[in-house]
Amino acid sequence: MDLSRKPEIRKRFSYGARIPDGGGWAVITRKGRGGRPKPNQDRAVIVSPFAISGEEEEKKEEEEEETSPDSYDDFLLGIFDGHDVGGERVAELVTTRLPETLARYILHLRGVGRENPAYTVEKDDISSALSSSFVELDGETPEVVGPDGGSTASVVYRRGDLIFFANTGDSTAFAALYDPSTTLSNVIFETRPHKLSDTEERRRVKKKGGEIWDPRESSLDREGVSARVVLYVERRGEEVRIAMTRSIGDYEMRRAGVIPDPDVDILDIREVGQLDRHLFVVAGSDGVFDFLDKEEIAYEIGKGLFEPEDHPILACERLLEKVRLKISGNYRDDATIAVR
């Protein structure tokens, strides 16, 4: 479908898309409204293919073995939702530096392999590389962008037959299978958001001495407002409140138990029983997932990616329009979706 014939999309959204034979990718974002004046703090990145120099020859050799049809269509996809003053700068830092940082860690693993021929890169090594990348970028934020502001990071990395999901904060990523015979999509994996509603996350914050503001315990109870980690920052002369229990950046909030370390989960696509179904992944900020359930998102994205008369950008636009219609107040968060 020719997007040039859809000028209304260009006016309302920032987006990008590519649809090759058999699949594609798309990113769309819409700036929020209300609250203090600020830029769109959401960022996204898709690197497809995510080819790391020095690994191509090894992949050619492996392709001669029995593998799944799309086994080496490697990609890296991420959503980064900034918050607080300067949050967009943190999100921008992670967006621009994560691909090269992760590649450097993986190349280090390959270097170990060259020194020790018996060594092979295992999935735990890749999980560690993702975690180390998040923590390294977190450590850079005070010097590069300053002590204020933070960002979520929801990253999907496909490497051969494995899909790695690394998540820090309250953005969400999931994997789904589209069935062309029914035009329906089934979500087969979803990341865990890091919020105070999670018992383990809440316990860690309390153990570190972090203060928690819970609207259910406040006389200012407001429907739809989630609990917050609270810290008085003397340098700023004010309380800082954030909804997530993990983030990149938020330097001062480390004292309150907010950490950058991601959960890393692994999906082996050889075990999901694809048959004639098509696998795809979606990541989005809470400006989307707080208002739409994953099944509804999967249904629209599946149609957009795989039905010939549709387009993933149009599917993303439909989803953001549904978000808009569900919001009755003056405030609307930034909303971003990335699909592959």
Side-chain angles (χ1 to χ4, degrees), residues 35-36 41-42 78-91 93-94 127-128 130-142 145-155 165-173 190-265 283-287 289-290 333-334:
R36 62 177 177 82
Q41 294 188 298
D42 284 1
I79 286 284
F80 312 97
D81 181 358
H83 53 263
D84 195 18
V85 177
E88 70 279 1
R89 296 195 298 273
V90 178
L93 169 72
V94 185
S127 297
S128 178
L130 282 161
S131 296
S132 297
S133 297
F134 277 43
V135 172
E136 178 177 323
L137 292 170
D138 174 75
E140 292 181 9
T141 58
V145 302
D148 298 323
S151 176
T152 70
S154 191
V155 173
F165 295 83
N167 190 62
T168 288
D170 59 0
S171 296
T172 300
E190 180 184 17
T191 58
R192 176 177 70 107
H194 298 125
K195 298 183 178 183
L196 288 164
S197 56
D198 184 292
T199 302
E200 293 181 9
E201 294 296 300
R202 193 182 190 98
R203 184 182 296 119
R204 188 192 65 250
V205 169
K206 283 189 171 182
K207 186 176 180 180
K208 287 287 187 178
E211 182 181 348
I212 297 173
W213 175 83
D214 194 325
R216 296 172 299 178
E217 304 168 358
S218 171
S219 60
L220 300 176
D221 186 8
R222 290 179 291 167
E223 184 179 357
V225 177
S226 60
R228 299 288 195 269
V229 182
V230 181
L231 180 71
Y232 181 79
V233 179
E234 186 173 354
R235 172 181 51 81
R236 293 172 57 171
E238 63 179 353
E239 281 187 344
V240 176
R241 300 185 176 195
I242 63 172
M244 67 287 303
T245 55
R246 303 191 193 194
S247 68
I248 294 177
D250 292 313
Y251 175 72
E252 301 279 4
M253 300 301 288
R254 296 292 170 259
R255 294 186 282 127
V258 177
I259 61 174
D261 308 69
D263 285 335
V264 181
D265 297 284
S285 60
D286 63 343
F289 278 86
D290 280 355
D333 198 2
D334 303 327

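Side-chain contact between His83 and Ser247 is present, with heavy atoms from C-beta onward closer than 4.5 Å. Contact of the Met253 side chain with the Val240 side chain is registered, since non-hydrogen atoms from C-beta on lie closer than 4.5 Å. The shortest distance between side-chain heavy atoms of Arg235 and Pro147 falls below 4.5 Å. Contact of the Phe80 side chain with the Leu93 side chain is not registered, since no non-hydrogen atoms from C-beta on lie closer than 4.5 Å. Considering only heavy atoms from C-beta on, Ile212 stays 4.5 Å or farther from Val230 through its side chain. Looking at heavy atoms from C-beta onward, Ser285 lies out of side-chain contact with Asp333 at the 4.5 angstrom threshold. The shortest distance between side-chain heavy atoms of Val205 and Leu196 falls below 4.5 Å. In this structure, Arg241 and Asp84 have side chains that are not in contact, with every pair of non-hydrogen atoms separated by 4.5 Å or more.
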- Message: Run the side-chain hydrogen bond (donor to acceptor under 3.5 Å, both in side chains) test on Ser171 and Asp81 for me, step by step, so that the C-alpha distance in whole Å, both residues' side-chain angles and the decisive distance to 0.1 Å come before the verdict.
- Response: CA-CA 7 Å; Ser171 296; Asp81 181 358; 4.6 Å; no

- Query: Are Leu231 and Glu211 close enough, and set up right, to give a side-chain contact (heavy atoms from CB on, under 4.5 Å), and what steps lead you there?
  - Reply: CA-CA 7 Å; Leu231 180 71; Glu211 182 181 348; over 6 Å; no

- Query: After noting the C-alpha distance and the side-chain angles of Glu190 and Asn167, does the key distance pass the side-chain contact (heavy atoms from CB on, under 4.5 Å) rule?
  - Reply: CA-CA 10 Å; Glu190 180 184 17; Asn167 190 62; over 6 Å; no

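Under the side-chain hydrogen bond (donor to acceptor under 3.5 Å, both in side chains) criterion, Thr141 pairs with no residue at all, not counting sequence neighbours. Taking the salt bridge (charged side-chain N to carboxylate O under 4.0 Å, His left out) definition, one finds that Glu201 meets it with Arg192, Arg204, Arg246, sequence neighbours left out. Every residue two or more places apart in sequence or in another chain that forms a side-chain hydrogen bond (donor to acceptor under 3.5 Å, both in side chains) with Glu140 is listed here: Arg97.
Between the OG1 atom in Thr172 and the CD1 atom in Ile79 there is a gap of 10.5 Å [rounded to 0.5 Å]. A distance of 11.0 Å separates OG in Ser127 from CG in Asp263, rounded to the nearest 0.5 Å. Here Phe134 contributes atom CZ and Ile248 contributes atom CD1; the two are 5.5 Å apart, rounded to the nearest 0.5 Å. Summarising the geometry, atom CG belonging to Asp138 is positioned 8.5 Å from atom CG belonging to Asp250; distances are rounded to the nearest 0.5 Å. With values rounded to the nearest 0.5 angstrom, Glu252 atom CD is found 10.0 Å from Glu234 atom CD. Annotation: the span from Tyr232 atom OH to Glu239 atom CD amounts to 9.0 Å, rounded to 0.5 Å.
Between the Arg202 side chain and the Thr245 main chain, no donor and acceptor come within less than 3.5 Å of each other.
Looking only at atom types and distance, the side chain of Asp170 has no donor-acceptor partner in the side chain of Thr152 under 3.5 Å away.
The shortest heavy-atom contact between Thr168 and Pro262 is OG1-CA, 3.1 Å. Heavy-atom minimum distance, Gly82 versus Ala91: N-CB, 4.1 Å. When every heavy atom of Ala173 is checked against every heavy atom of Phe165, the shortest pair comes out as CB-CD2, 4.1 Å.
Using a cut-off of 4.0 Å between Lys/Arg side-chain N and Asp/Glu carboxylate O, Arg203 and Asp198 are scored as not salt-bridged.
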